[in-house]
Colleague: 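Encoded as structure tokens, here's the structure I'll be asking about.
First the proteins, then the strands, lettered A, B, ... as listed; each starts at 1. In this text the structure is predicted, and so the values were computed from the model without any measurement.
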Protein chains: 2
Amino acid sequence: MEKLDHLDRRILAILQRDAGLSLEELGDRVGLSRNAVWRRVKALEEAGIIRARVALLDPEKLGLGLTVFMMIKAERHTTDWLDNFTRATADMPEILGAYRMTGDLDYLIRARVADVKAYDRLYKDLIARVDLHDVSASFVMEETKETTALPV
Amino acid sequence: MEKLDHLDRRILAILQRDAGLSLEELGDRVGLSRNAVWRRVKALEEAGIIRARVALLDPEKLGLGLTVFMMIKAERHTTDWLDNFTRATADMPEILGAYRMTGDLDYLIRARVADVKAYDRLYKDLIARVDLHDVSASFVMEETKETTALPV
DNA sequence: TATGAAAAGGGCAAGGA
DNA sequence: TCCTTGCCCTTTTCATA
């Protein structure tokens, strides 16, 4: 795919907020015909710029009211350790993000749990699977911003 | 809406990964007719459990290859400061998440930028708008996990 | 880009297990 | 109550200009 033009960016901005619009509606908003917009969206999907269309759920309504960040130092710095950590975090559905970092904390985990008790279970599950040198948790009191929309 | 049953959870699990499926396909996967599934999805939307359907974009392909976490201490602990911080982060599209935390770091910001230079611009923009007592950035070398799917 | 037309899907109502 | 079936309208997809 060639470079994105202004209309592509408008389309992406809209679809990042609402991917349930009809092509008719989307076309109206960017000033293209239904069909012209359809072709652009298809090209964006084929180029992999649009990775997926997903449903976002309300964590509170699912009883996942607490976001927690876990700062982690690895016990060993080996490929095996990293593979094991990657596998363990992939298997644990409460863990939404896991990041290998610069600086003196090695890894950061972002997770969603019901409450502090549920965090403790997550912590125990994790240390049962991965050798950790140090873990400290910070709980989120308020999410002032949380979006999946990237700047386009 | 009453409590979620097993089928609702299956439906949510599928839609969190792919919201572009037809009702026919979704029905097949959970063992319901097109219409039965349609009614359940509609109820889940009306209950607000399904918050939105969105397109997820590929950050690399948009030139946003670097994820950064900023650990922040506030200059003042006042309502005005918090309002100002909330407004500033809401206005900055590179900032994907902003969290008020427990522990001795006050705020955590999760952002996506092109590179370290772009991070520096983000940093300057932020300190121009918000009085910060302390900021430290950690860059993400590798995202071993990153999902929008909550456990259901 | 636009048009038009075939195929697929969505929304709704009536009826059955 | 919850599911299925059938009908009609909208959307998607694609061929062609």
Colleague: Could you check how far CG of Leu26(A) sits from P of dT11(D), rounded to whole Å?
Modeller: 12 Å
Colleague: Starting at atom CD of Glu25(B), determine the distance to atom C1' of dG10(C), rounded to an integer number of angstrom.
Modeller: 16 Å
Colleague: Test: salt bridge (Lys or Arg N to Asp or Glu O under 4.0 Å). Region: residues 137-152 of chain B. Which pairs qualify, not counting sequence neighbours?
Modeller: Arg100(A)-Glu142(B), Arg110(A)-Glu146(B), Arg112(B)-Glu143(B)
Colleague: Under 3.5 Å between N/O atoms: give me all the protein pairs with nucleotides 13-16 of chain D, atom names plus distance.
Modeller:
residue, atom, partner, partner atom, Å
dT13(D), OP2, Trp38(A), NE1, 2.6
dC14(D), OP2, Lys42(A), NZ, 3.2
dC14(D), N4, Asn35(A), OD1, 3.1
dC14(D), N4, Asn35(A), ND2, 2.6

Colleague: Sequence neighbours left out, what passes side-chain hydrogen bond (donor to acceptor under 3.5 Å, both in side chains) with Glu25(A)? Give chain and number order.
Modeller: Arg29(A)
Colleague: Examine dA2(C): is either OP1 or OP2 under 4.0 Å from a nitrogen or oxygen in the side chain of Ser33(A)? Give yes or no.
Modeller: yes
Colleague: What is the distance, to the nearest angstrom, from the CD atom on Glu24(B) to the C1' atom on dT12(D)?
Modeller: 16 Å
Colleague: Name all residues meeting the ring-ring contact (aromatic ring centres under 6.0 Å, His included) criterion together with Tyr123(B); count only those two or more places apart in sequence or in a different chain, and write none if there are none.
Modeller: none
Colleague: Measure the spacing between CG of Leu126(A) and CZ of Phe85(A) and express it to the nearest 0.5 Å.
Modeller: 6.5 Å
Colleague: Would you mind reading off the distance between Glu46(B) atom CD and dG11(C) atom P, rounded to a whole angstrom?
Modeller: 11 Å
Colleague: Side chain of Arg40(B), heavy atoms from C-beta onward: which of dT11(D), dT1(C), dC2(D) has the nearest atom to it?
Modeller: dC2(D)
Colleague: Among residues at least two apart in sequence or on other chains, which ones pass side-chain hydrogen bond (donor to acceptor under 3.5 Å, both in side chains) with Asp104(A)?
Modeller: none
Colleague: Could you list all the salt bridge (Lys or Arg N to Asp or Glu O under 4.0 Å) pairs where at least one residue sits in residues 50-59 of chain B, not counting sequence neighbours?
Modeller: Glu45(B)-Arg53(B), Asp58(B)-Lys61(B)
Colleague: Rounded to whole Å, how long is the line connecting atom CG of Leu7(B) with atom P of dT4(D)?
Modeller: 10 Å
